[in-house]
Amino acid sequence: MSNADADVYNKGSTAPLQPLIRRAGCADWQAQRARDILCICVLFAALAVRGDYIVGGVSLLFGFANALLLLLLAAACLDFVPVLRRRLSPTAWWAEDRPLFCACGAAVRQRYGTAVFLLGVMVYEFIVVFNNSMARENWPWLQTRVSPVLDWVMHLCFGCKILLGTRYSGRSLLCAGALYFVARWVYFNGQNIWWLGLCVALLAAKDVPLRRCMKALLACGLPTLALVELLHFAGVIAPDAASERDGSFRLMFGYGHPNTFGGVVFGLVLAWVLLRRTRLTWAELAGVAAVGAFLMIGPKSRSAALCSFLLVALLAAAKLHTRRGPRPGSRTLAAGCAALVPLLAAVSYSLPLFVVKIGPWANDIGPAWLKKLDDLLTCRISLAWAAYRVFPIKIAGQMLPDWPALDNIFVYLLYLTGPVMVVLVCALMMAALYGYARRGQWQAVACLVTMLAYGYMESQVTHLTSDPAVLLLCGAVYALPTARWMFEED
């Protein structure tokens, strides 16, 4: 550790610095530190691999989830040692950011940690956009051999960023650690790998500028989607695949379902909007509206199309509202934005209670007004009604079968993750909406509100590919000041 690093590490200390005999330029000591970090990485990988045998081969990621939690706990204990030795004041420990395990090479670790995280984001995008397209039907080895390897690359990238490439204060470490403990508990019950991937991506996103994340998603997502479409229209991937609904056919564009294609496209639109934000032009908004029209006419992906139109309307309102410069929202307006979360949750949970079953089919329901609304939302209400009668509610979630398909995110999370996690997710969304509205970052508010609407119709918001706006929650997860939530200079 350099003298400068030692000064930063001991900032706020109430006791004088001890002699820096082993700190100032000692090559042996630095080599020992490097070996310690290497041992941590080896332990991390070993625990994760060992998890396969512990759970009888169910999932290697069980071991990864356990290892990450144990190492975060060990790092938190080591981080508190200077406070116990009175070399760091509790106030400084609570408020100041430090790397985990040791302070050596903090700047280098953070720089390479950002690069590793962006690599993980691009691997995540490739897995969803290409490996989960109909290419898996042509080449089964994509799912059996390539995807498991890429899953591990992605999770190890995120894990290394969390442990070695991020700076934490005591407050942020405790808040994020507590949330991860609950998320890991939920993952063990629900065994949904996308849930774990989303949680670790959200933890790893700290200190990474939001625009760099969006550039990584677009840099991988756009050419990969273009490759899928090229193979599809060349007749290689599912050349004649179509999905029937009510006697009409919906083109699937190389994916297993039109809404999957719609989710991929809508996610790229959101990434572009979050990249541009205040610099969006009217021509770009017209382009987003054109994408929505294409999704409505081509694949007939109604949820993605309607949310594209909603996004355009909200962004246009934000552009008009800020045409004379930034305009932070009042407390009342910000609270109104945050109130959308419990309001939509109440609607999601209460509407199925009014269903009256009048026929054998899933959507044979009454009264008439609810039937029309259910048809508009493509059976979201009637499927939630069926779930109320099929599934029990468990405190930390459960594994879900294929039917009934729960596309409403509030109902889906209630059964997959349990009520504890639902409350935490809703609290994070409310905090994010309130914080961005108070700072006048209306494009972020527009994306989060659109994300809520999309979640009412699709559970794909648990995928980073379909919902890159979820990274807007990172600052709230770590209980950071709102000025730092995008990790960018204003």
Side-chain angles (χ1 to χ4, degrees), residues 190 192 242-252 256-263 266 292 295-297 299-310 339-394 397-419 421-423 425-426 429 449-463 466-467:
N192 186 304
S243 173
E244 185 178 5
R245 183 182 66 185
D246 299 331
S248 63
F249 287 89
R250 300 187 291 169
L251 299 177
M252 295 193 293
H257 194 277
N259 285 345
T260 305
F261 173 73
F266 183 63
L295 291 174
M296 182 66 80
I297 297 170
K300 299 180 182 178
S301 179
R302 187 181 303 173
S303 53
L306 291 176
C307 288
S308 296
F309 297 142
L310 174 62
L340 292 174
V341 179
L343 176 63
L344 196 57
V347 171
S348 300
Y349 293 134
S350 61
L351 279 181
L353 300 176
F354 296 96
V355 167
V356 177
K357 195 66 176 169
I358 59 176
W361 297 102
N363 61 341
D364 289 338
I365 64 171
W369 66 270
L370 194 59
K371 165 68 173 173
K372 293 180 179 178
L373 182 60
D374 188 52
D375 289 341
L376 176 66
L377 299 174
T378 57
C379 301
R380 275 22 176 200
I381 300 173
S382 54
L383 287 173
W385 174 87
Y388 284 1
R389 281 149 182 79
V390 173
F391 302 138
I393 296 176
K394 298 185 178 180
Q398 61 196 301
M399 292 182 64
L400 296 179
D402 294 332
W403 192 93
L406 301 179
D407 288 322
N408 182 300
I409 191 62
F410 292 99
V411 179
Y412 177 73
L413 289 181
L414 177 65
Y415 288 105
L416 177 71
T417 68
M421 200 70 230
V422 169
V423 171
V425 170
C426 288
M429 277 293 299
V449 172
T450 305
M451 170 179 151
L452 278 176
Y454 191 53
Y456 188 87
M457 296 177 281
E458 295 289 343
S459 60
Q460 292 185 73
V461 291
T462 57
H463 297 176
S466 300
D467 180 25

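Note that the coordinates shown come from a computational prediction; the quantities given were computed from them, not determined experimentally.
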S.K.: Minimum heavy-atom separation for Ile365 to Lys371, with atom names?
M.R.: O-CB, 3.7 Å
S.K.: Measuring from atom NZ of Lys394 to atom OH of Tyr415, what distance do you get when rounded to the nearest 0.5 angstrom?
M.R.: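 These two atoms lie 12.0 Å from each other.
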S.K.: Calculate, to the nearest 0.5 Å, the distance between atoms CG and CD1 belonging to Asp467 and Ile409 respectively.
M.R.: 9.0 Å
S.K.: Any sub-3.5 Å donor-acceptor pair from Gln460's side-chain atoms to Tyr454's backbone N or O?
M.R.: no
S.K.: Evaluate the side-chain proximity of Tyr456 to Leu344: yes if any heavy-atom separation is below 4.5 Å, no if none is.
M.R.: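 Leu344 vs Tyr456: side chains touch.
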S.K.: What are the two closest heavy atoms between Leu310 and Ala453, and how far apart are they?
M.R.: CD2-CB, 3.6 Å
S.K.: Measure the shortest side-chain to side-chain distance between Glu458 and His463 over non-hydrogen atoms and say whether it is less than 4.5 angstrom.
M.R.: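 Contact flag for Glu458/His463 side chains = no.
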S.K.: From Met429 CE over to Met451 CE, what is the distance, rounded to the nearest 0.5 angstrom?
M.R.: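 It comes to 4.5 Å.
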S.K.: Can you confirm whether Gln398 sits close enough to Leu416 that some side-chain heavy atom of one is under 4.5 Å from a side-chain heavy atom of the other?
M.R.: no
S.K.: Of all heavy-atom pairs between Ser301 and Gly262, which one has the smallest distance, and what is that distance?
M.R.: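 Nearest pair, atom of Ser301 first, then Gly262: OG-CA, 3.7 Å.
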S.K.: How would you list, by chain and number, every residue that makes a side-chain contact (heavy atoms from CB on, under 4.5 Å) with Thr260, sequence neighbours excluded?
M.R.: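 Thr260: side-chain contact (heavy atoms from CB on, under 4.5 Å) contacts with Tyr255, His257.
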S.K.: Mind checking the CG-CG spacing from Leu414 to Leu406? Nearest 0.5 Å is all I need.
M.R.: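 One finds 9.5 Å between CG of Leu414 and CG of Leu406.
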S.K.: Would you mind reporting whether Phe266 and Ser466 have side-chain heavy atoms less than 4.5 Å apart?
M.R.: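 No, too far: nothing below the 4.5 Å cut-off.
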S.K.: Are the side chains of Asn259 and Ser303 in contact, using a 4.5 Å heavy-atom criterion?
M.R.: yes
S.K.: Do Tyr412 and Leu400 touch side chain to side chain, with heavy atoms closer than 4.5 Å?
M.R.: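 A side-chain contact under 4.5 Å exists here.
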S.K.: Have a look at Ile381 and tell me which of Leu373, Leu353, Asp375 forms a side-chain contact (heavy atoms from CB on, under 4.5 Å) with it.
M.R.: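 The residue from Leu373, Leu353, Asp375 that satisfies side-chain contact (heavy atoms from CB on, under 4.5 Å) with Ile381 turns out to be Leu373.
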S.K.: Taking Tyr388 for its side chain and Tyr349 for its backbone only, find out whether a donor-acceptor pair lies under 3.5 Å.
M.R.: yes
S.K.: Between the side chain of Arg380 and the main-chain N/O of Asn408, is any donor-acceptor distance below 3.5 Å?
M.R.: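 Side chain of Arg380 to backbone of Asn408: no pair is present.
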S.K.: Which pair of heavy atoms, one from Thr417 and one from Leu413, lies closest together, and at what distance?
M.R.: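 Closest approach of Thr417 to Leu413, heavy atoms only: OG1-O, 2.6 Å.
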S.K.: Partners of Pro401 by side-chain contact (heavy atoms from CB on, under 4.5 Å), sequence neighbours excluded?
M.R.: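 For Pro401 the side-chain contact (heavy atoms from CB on, under 4.5 Å) partners, ignoring immediate neighbours, are Phe391.
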S.K.: List the atom of Leu376, the atom of Arg302, and the distance in Å for their closest heavy-atom pair.
M.R.: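 Residues Leu376 and Arg302, closest heavy atoms: O-NH1, 2.9 Å.
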S.K.: What distance do Met399 atom CE and Asn192 atom CG have between them, rounded to the nearest 0.5 Å?
M.R.: 9.5 Å
S.K.: Between CZ of Phe354 and CH2 of Trp385, what distance do you get to the nearest 0.5 Å?
M.R.: 15.5 Å
S.K.: Please find the pair of heavy atoms, one from Thr450 and one from Cys307, that lie closest to each other, and give the distance.
M.R.: CG2-O, 3.4 Å
